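Everything numeric in this text was worked out from a predicted model, so none of it was measured.
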4 protein chains.
Amino acid sequence: MSTSSTDPARATEPKRERGRLRVAAIMTAGVEVFSEKGYDAATMTEIAARSGTAIGSLYRFFPTKEALADALLLQYAQHVKNGLTELKQQVPGMTLERVADAFVDMMLLLRSQRSFAIALMDARGGSADERKRFRKVMRGGVADILCEAIPALPAAKAKVMSVVLIHMLKAVVGIADEESSVRVALLAEMRQLVRMYLVSAGQQSGG
Amino acid sequence: MSTSSTDPARATEPKRERGRLRVAAIMTAGVEVFSEKGYDAATMTEIAARSGTAIGSLYRFFPTKEALADALLLQYAQHVKNGLTELKQQVPGMTLERVADAFVDMMLLLRSQRSFAIALMDARGGSADERKRFRKVMRGGVADILCEAIPALPAAKAKVMSVVLIHMLKAVVGIADEESSVRVALLAEMRQLVRMYLVSAGQQSGG
Amino acid sequence: MSTSSTDPARATEPKRERGRLRVAAIMTAGVEVFSEKGYDAATMTEIAARSGTAIGSLYRFFPTKEALADALLLQYAQHVKNGLTELKQQVPGMTLERVADAFVDMMLLLRSQRSFAIALMDARGGSADERKRFRKVMRGGVADILCEAIPALPAAKAKVMSVVLIHMLKAVVGIADEESSVRVALLAEMRQLVRMYLVSAGQQSGG
Amino acid sequence: MSTSSTDPARATEPKRERGRLRVAAIMTAGVEVFSEKGYDAATMTEIAARSGTAIGSLYRFFPTKEALADALLLQYAQHVKNGLTELKQQVPGMTLERVADAFVDMMLLLRSQRSFAIALMDARGGSADERKRFRKVMRGGVADILCEAIPALPAAKAKVMSVVLIHMLKAVVGIADEESSVRVALLAEMRQLVRMYLVSAGQQSGG
DNA sequence: TATGAATGAGGGTTCATTCAT
DNA sequence: CATGAATGAACCCTCATTCAT
């Protein structure tokens, strides 16, 4: 079990580890810079600098600005997916109100990446394909949860609702950026609205 | 009362008319390009080309990319304002459901400029001042209508509701861009949600 | 001697007069703007505006920016020539010191156009030909005066001296732009130097 | 003590060396183009082309046209300063005539950059600050030498003389560009004038 | 003939991307 | 494989000049 640097088998492992760290650093910096400046105004050079990476190295990992944006979007999608999966498991035994709150809370937790993802989606960052996939995953996950939470909900209705619900969650994010003087009231109102939406759907389907 | 061609008053008229047409063409093209690409990715050159204008002429009318964005935003604001004013006058004698529908319909009517305005607002497009003003006008107008439609509504609550409602109308716009296969169902759902929102507010305040 | 506007013979005269005024106004504005901004930074549009002329009219009189600069240079040359001619006639009976002072004074009188002419000459305004001609005229005139003032001066020497003297007068202009705190002393010094130059030449040739 | 190619210390050397060459080439081209066309008419594109540099590279080294002009001016200032320092050390034991000649010779040595500096100073080239600093340094250095050369010279008088002297040296440069047929005679005349200026000052102060 | 809207070449500058080291 | 200097297409904007009215 020698760790001599001449051992070819183990030689790449530290490198791989370093690579992983590099990628992580780049992605963090990417989220930061894209969030602050938007897709177009963000520069690869700044992302490289902020992550302590040489520009050439950055391009080894992400061959294109768009590729980086895509990866970031994918990562965000993964986070959301994880959140949704987790949420789904907690749904049994939750009231619809609590499910609604859980959606909102999840959105607020994703704060650090939120506006960035929206920026990339809206502004045209990420290839159209990536965006489509992202949307699909998101909608599927939300629809799943809705089905879980409202047993009698028809699949088609769940799909429709998921789209609407996601738009509302987007609004949650937008509202979280408002001046603090009104933010609290606004968030409460949004929370109330989401609850109402789910509850009413439950009554229609379940009652 | 001759209209001879030497009449100086009439001499400039064609010029002014052409100018108006130019400006209109540019603004139309601006809305298109900004919508498609977002503020940063949109290029003045393309806007000029798309409107059949020489780049120099474009700059005669709009001395800056930002100035063009501002003008476009202002135009949109004007349209929205007009819509809101009109809506306000029709509110007396409307049920809350119909008011809700009217909001949604207004949004759908503004279609040709919708996503563009959203792009400019979300991105760095247009000066920050212009954006703020736009938001203020919009919120004020919506809040006014809400007060009109729900007499007992406290002003503070109207303000909060207006923000939420506007976010929902933004969602309407987003939904109107979906694939046509689901669009109809989605719009119906959104419409229902908006109705529900207003009605519930009416019950809280009015009942 | 009717002045009716229908009299075809006299009809063009007022026009000519107006034309002359136009040209004068343009040239005045040209001197101003070229002086303030330098040749390149000066714009035909501003010169037109400042002279109350339509840009199209400006181009009728001066078909090119360079043509305008040339005309301005020519005008300046004319002024200088006039000054020199006048000076020449006063030379008989003047001491060399007074001639030197007269040169300096003439330069200071031309103040309103001075730096402008230098700018156009140095910066590359005016065609090379025009510049050459200007130089020639100037040198010839100065040399003439020198010959007049120093009777025994050989023609060749006069030529050489004229070039040097003109450079010194250029320095006078430069110095006249210095901060006022030192300007007076500087001008006195320059004046002294010019006197010394002429006097010493007089002694060499005349003594 | 191997100089293997993995030696990091040596690895960057060639790069730095190339960088230095690049910068030098750019500056040379800059001097050329600015001299020929003046500050405004000079284009970064031409400077890049003339120095065999891609436009992007030029901007890596000099982030602005003005920055390039400033650097060029600074370089010239440095050269002048060096020349003046050297001259100052040689002054003890020199006659005033030889000091005068030394000034003129120094100016002629700086030939390769001369008219360029004048162009940048007269035009809007380089930031106003840089220009002021340059003038100050120049005047101070010349005044120093004058004090050294003419011991009894009052400081105030030295200051005034430095300004006048510098203007005369500027004339030297201008004259060095004349047609060769007269250049020699002109230079001799200028040389004579400068000598006379210093000598006369020496007599006033010293005698 | 006078006017000024229209034109478009060209200028300074940025930044995604490549490739020699 | 890492590095960062080098590249050049493309952007926003200006202004001399033209020409339809």
- Step by step, would you call A:Thr45 with A:Thr43 a side chain to side chain donor-acceptor pair (under 3.5 Å)? CA-CA 5 Å; A:Thr45 304; A:Thr43 74; 4.7 Å; no
At 4.0 Å (heavy atoms only), tell me whether [X] reaches a base, stays on the sugar-phosphate, or touches nothing.
X       : answer
C:Ala67 : nothing
A:Ala49 : nothing
D:Phe62 : nothing
B:Ala48 : nothing
B:Thr43 : sugar-phosphate

Once you round it to whole Å, what is the distance between [atom2] of [N] and [atom1] of [X]?
X       : N      : atom1 : atom2 : value
B:Met44 : E:dG10 : CE    : P     : 21 Å
B:Tyr39 : F:dC12 : OH    : P     : 9 Å
C:Ile55 : F:dA20 : CD1   : P     : 18 Å
B:Leu21 : E:dA6  : CG    : C1'   : 15 Å
C:Ile26 : E:dA2  : CD1   : C1'   : 12 Å
C:Glu46 : F:dA16 : CD    : P     : 10 Å
B:Phe61 : F:dC13 : CZ    : P     : 17 Å
D:Lys37 : E:dG10 : NZ    : P     : 12 Å

Can you tell me if [X] touches the phosphate of [N], counting only side-chain N or O atoms and a distance under 4.0 Å to OP1 or OP2?
X       : N      : result
D:Arg22 : F:dT7  : yes
A:Arg60 : F:dC1  : no
C:Thr45 : F:dC15 : no

- For B:Leu58 and for A:Pro63, find the nucleotide of DNA chain E with the closest heavy atom, then tell me which residue's nucleotide is more 5'.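 Residue closer to the 5' terminus by nearest nucleotide: B:Leu58.
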- Query: Which residue lies toward the 5' end of DNA chain E, A:Gly56 or B:Gly56, if each is placed at its nearest nucleotide?
  - Reply: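 Its nucleotide being nearer the 5' end, the pick is B:Gly56.
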- Item | Ring-face cation contact, A:Phe34 with A:Lys65, 6.0 Å cut, 45° max |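 Relative to the ring axis of A:Phe34, which defines the angle, A:Lys65 lies outside at least one limit.
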- Query: Taking it one step at a time, do D:Phe62 and D:Val23 satisfy side chain to side chain contact (heavy atoms under 4.5 Å, CB included)?
  - Reply: CA-CA 9 Å; D:Phe62 302 97; D:Val23 168; 4.0 Å; yes
- Message: The side chain of A:Thr64 is closest to which nucleotide in this list: F:dA6, E:dT17, E:dA9?
- Response: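 Ranking F:dA6, E:dT17, E:dA9 by closest atom to the A:Thr64 side chain puts E:dT17 first.
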- Message: Checking the side chain of B:Thr28 only, and the main-chain atoms of B:Ile26 only, is there a donor and an acceptor separated by less than 3.5 Å?
- Response: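 Side chain of B:Thr28 to backbone of B:Ile26, a donor-acceptor pair under 3.5 Å: no, none is there.
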- Do the charged groups of B:Glu36 and B:Arg50 touch, with an N to O distance under 4.0 Å?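 Yes.
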- Query: Is there a Watson-Crick or G-U wobble partner for E:dT3 with both distances under 3.5 Å, and which nucleotide is it?
  - Reply: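 Pairing partner, where one exists within any strand: F:dA20.
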- Nearest-nucleotide wise, let me know which of C:Lys65 and B:Tyr59 is further upstream toward the 5' end of DNA chain F.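 Nearer the 5' end of the strand: B:Tyr59.
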- Query: When rounded to the nearest 0.5 angstrom, what distance separates CD1 in C:Ile55 from CD in C:Glu46?
  - Reply: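 Output value for this atom pair is 11.0 Å.
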